[in-house]
Amino acid sequence: MQINGRAQDPGRTISLTLLDNYDYWVILDPTRQRLYLNSTGRILDRDVQCYNELVGTVIFHEVRIVVRDKNDNNPRFQQPRYYVAINELTPVGTTIFTGFSGNNGATDIDDGPNGHIEYSILYNPNDPGSNRTVSVANTLSGHIILAERLNYEERTRYLVLVQANDRAPYPPNRRTATTTLTVDVLDGDDLGPMFLPCILVNNTRDCNPLTYRVAIPEFTEPSKLNPLNVTPAIRAVDMDRNIQPPSNRPNILYYILVGHPAAYREYFSLNRTTAELRVLQPISRDLYQRFTLIIKAEQDNGHPLPAYADLIIEILDENNQAPYFQFATYQGYVSESSPVGTTISASANLTAPLGIIALDNDIEELDPGDTPVDPLLKITLDDYTTIFSLTPTGIIRYLKLIKPVDREQQMVYTFTVGLRLSGLYPQDSTHAL
């Protein structure tokens with residue numbers, strides 16, 4: 001302060017005192033004519049009284065003290081964490097979060113640039129890659145935009161580390177605070193349906209080709225067969241399993257796309273909503289032995305990605321013919337010294353086994369041109385069942401010795417063998433051997 005007069009002894013001509021110094025915000029050194037600040041954070045306005053001790057007059061001097069801000073406070077987020085949920089189909093560049101606007105984001109009680117906030121995205125070691133998924137569109141507002149495409153089937157949540165810093169003129173002096181923005185990804189309708197069961201191709205989300213099968217006997221009234229028992233049951237589901245709300249999830253529609261032979265439409269129908277397969281009229285196996293169809297499943301909202309599966313329908317021959325032996329009589333040989341388990345031979349020199357072949361024309365017709373299949377005939381012996389037995393399965397059956405024989409006691413064994421088909425419509429046949 002430049003005040004004429006001497007405030008120091010000896011020869012003091014003036015004395016200085018403070019007026020209205022509430023709470024002692026400033027300290028006066030009257031001898032040196034200096035004021036000292038006793039606190040910070042406000043603009044102080046105080047009057048200084050000067051008393052002229054020689055003439056006894058009082059002079060008032062106004063002293064204004066301006067306290068400049070120091071960047072000594074960190075920014076502070078108003079919430080412990082922030083959250084946003086977005087659909088996986090959201091386009092890149094879309095603003096997905098504006099929750100830092102106003103006083104809802106970070107604040108700083110410092111003044112001027114020291115109290116101005118700007119935002120940025122940091123690398124999060126607990127969620128690597130999250131900093132690439134989003135970016136800050138405006139550093140002052142903190143608006144967040146989507147930077148990469150999302151895929152709900154690959155990832156459903158990101159933990160984005162957001163930093164707020166003040167704008168102190170000297171960057172090393174800037175103070176910061178961080179918070180976590182949780183970004184949940186919602187399922188969108190980007191995938192089509194898939195037929196079940198789905199067996200995934202290795203390291204992919206694609207299903208292996210699927211074939212449904214059903215077999216029906218020829219000449220059978222539809223009322224006795226419908227609905228057809230397809231294995232496995234025809235069913236498709238939308239691969240987007242968690243579209244919300246559930247009322248937005250599409251329904252699945254089913255169609256027979258193409259088929260062979262072309263007359264399949266005359267014989268089969270597929271319910272569009274339940275996938276129930278029905279036969280429309282009796283089928284003659286003389287005309288059709290198999291139908292190969294391709295079925296399609298699609299969403300009812302026009303989604304462009306349908307699913308396909310094969311459906312094979314076998315027509316079984318009506319069991320209207322009795323089984324029979326290849327030969328009317330068989331003759332076999334065995335040595336009386338043969339042990340239990342010996343196979344009866346077809347000749348006296350015991351070089352080849354006796355093969356008893358039982359056939360069924362109905363069964364043989366199931367696979368024309370292919371290797372004959374086992375007709376699953378049940379063969380029974382009417383006598384000597386404690387001495388001989390037949391192998392239970394196979395197109396060729398073999399007679400086995402299950403008890404030693406003695407030529408001196410009995411030289412010849414004659415017995416009858418019966419046949420029975422083990423099927424839906426069994427036929428019997430009995431032949432002497």
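Just so we're clear, the structure is a prediction, and the values are computed from it rather than from any experiment.
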Next item on the list: Answer whether the closest heavy-atom distance between the side chains of P209 and T211 falls below 4.5 Å.
Entry: no

Next item on the list: Report yes if the distance between the aromatic ring centroids of Y82 and F100 is under 6.0 Å, otherwise no.
Entry: yes

Margin query: If we ignore hydrogens and angles and just use 3.5 Å, is the side chain of D187 paired with the main-chain N or O of R241 as donor and acceptor?
Written below: yes

Note to self: Quick check against the 3.5 Å criterion: does E218 have a side-chain atom that pairs as donor or acceptor with the backbone of R285?
What the structure shows: yes

Notebook entry, point to check: When rounded to the nearest 0.5 angstrom, what is the spacing between NE2 in H303 and CE in M239?
Noted result: 8.5 Å

Checklist line | Any donor-acceptor N/O pair, Y119 side chain to A106 backbone, under 3.5 Å | finding: yes

Item checked: From S135 atom OG to H143 atom NE2, the distance as rounded to the nearest 0.5 Å -> 13.0 Å

Margin query: Could you check whether any side-chain heavy atom of K296 comes within less than 4.5 Å of a side-chain heavy atom of Y308, counting everything from C-beta outward?
Written below: yes

Next item on the list: Apply side-chain contact (heavy atoms from CB on, under 4.5 Å) to D110 and K70, showing your working.
Entry: CA-CA 7 Å; D110 288 324; K70 179 183 179 181; over 6 Å; no

Notebook entry, point to check: Within the distance-only criterion (no hydrogens, no angle test), does the side chain of D383 pair as donor or acceptor with the backbone N or O of T416 below 3.5 angstrom?
Noted result: no

Notebook entry, point to check: Do the side chains of L293 and I313 get nearer than 4.5 Å, heavy atoms only?
Noted result: yes

Notebook entry, point to check: Would a distance-only check, ignoring hydrogens and angles, find a side-chain to backbone donor-acceptor pair under 3.5 Å from Y152 to D190?
Noted result: no

Check: For T273, what residues pass the side-chain hydrogen bond (donor to acceptor under 3.5 Å, both in side chains) criterion, not counting sequence neighbours?
Finding: N271

Check: Does the pair V162 and V136 meet the rule for a side-chain contact (heavy atoms from CB on, under 4.5 Å), with working shown?
Finding: CA-CA 9 Å; V162 181; V136 177; 5.8 Å; no

Note to self: Tell me the closest heavy-atom pair linking Y267 and P282, and the distance in Å.
What the structure shows: CE2-O, 3.8 Å

Notebook entry, point to check: Can you check whether D238 reaches Q299 side chain to side chain, under 4.5 Å on heavy atoms?
Noted result: yes

Margin query: Has Q78 got a side-chain atom pairing as donor or acceptor with R76's backbone, closer than 3.5 angstrom?
Written below: yes

Check: Quick one: does D240's side chain have a donor or acceptor within less than 3.5 Å of a partner on I243's backbone?
Finding: no

Margin query: Less than 4.5 Å apart, side chain to side chain, heavy atoms only: is that true for S269 and L280?
Written below: yes

Notebook entry, point to check: T351 versus S345: any side-chain heavy-atom pair under 4.5 Å?
Noted result: no

Next item on the list: Taking all non-hydrogen atoms of both residues into account, name the closest pair between R397 and P392 and its distance.
Entry: NH1-O, 3.0 Å

Margin query: Under 3.5 Å, is there a donor on one side chain and an acceptor on the other for Q79 and T179?
Written below: no

Next item on the list: Measure from the side-chain N and O atoms of D166 to the backbone N and O of D108, and report whether any donor-acceptor pair falls under 3.5 Å.
Entry: no

Next item on the list: Taking the six-membered ring for Trp and the single ring otherwise, decide whether the centroids of Y413 and Y384 are under 6.0 Å apart.
Entry: yes

Notebook entry, point to check: Between CD1 of I402 and OG of S389, what distance do you get to the nearest 0.5 Å?
Noted result: 5.0 Å

Next item on the list: For F195 and A307, work out which heavy atoms get closest and say how close.
Entry: CE1-O, 3.4 Å

Checklist line | Full working for side-chain contact (heavy atoms from CB on, under 4.5 Å) between D310 and L210 | finding: CA-CA 6 Å; D310 293 329; L210 178 62; over 6 Å; no

Margin query: With rounding to the nearest 0.5 angstrom, report the OH to CD distance, Y123 to Q163.
Written below: 16.0 Å

Next item on the list: Can you measure from CG (L270) to CG (L277) and round to the nearest 0.5 angstrom?
Entry: 6.0 Å

Note to self: Could you check whether atom CG of N103 has more than 12 heavy atoms from other residues, nucleotides or ligands sitting under 6.0 Å from it?
What the structure shows: no

Next item on the list: Would you mind reporting whether Y398 and L390 have side-chain heavy atoms less than 4.5 Å apart?
Entry: no

Next item on the list: Would you indicate whether the side-chain heavy atoms of I312 and R290 approach each other to under 4.5 Å?
Entry: yes

Note to self: Show the nearest heavy-atom pair for residues I145 and A137, with the distance to one decimal.
What the structure shows: CG2-CB, 3.4 Å

Item checked: R235 atom CZ: more than 12 heavy-atom contacts under 6.0 Å -> no

Next item on the list: Look only at the side chain of R149 and the backbone of V92, and say whether a donor-acceptor pair between them is shorter than 3.5 Å.
Entry: no

Notebook entry, point to check: What closest approach, in Å, do A297 and I252 show between heavy atoms, and which atom pair accounts for it?
Noted result: CB-CG2, 3.9 Å

Notebook entry, point to check: Roughly how far apart are T90 OG1 and L150 CG, rounded to 0.5 Å?
Noted result: 6.5 Å

Check: Is a donor on one side and an acceptor on the other found under 3.5 Å between the side chain of N226 and the backbone of R278?
Finding: no

Check: N208 and V201: which non-hydrogen atoms are nearest, and at how many Å?
Finding: OD1-CG2, 3.6 Å

Item checked: side-chain contact (heavy atoms from CB on, under 4.5 Å) between N71 and Y170, intermediate numbers included -> CA-CA 10 Å; N71 190 19; Y170 185 50; over 6 Å; no

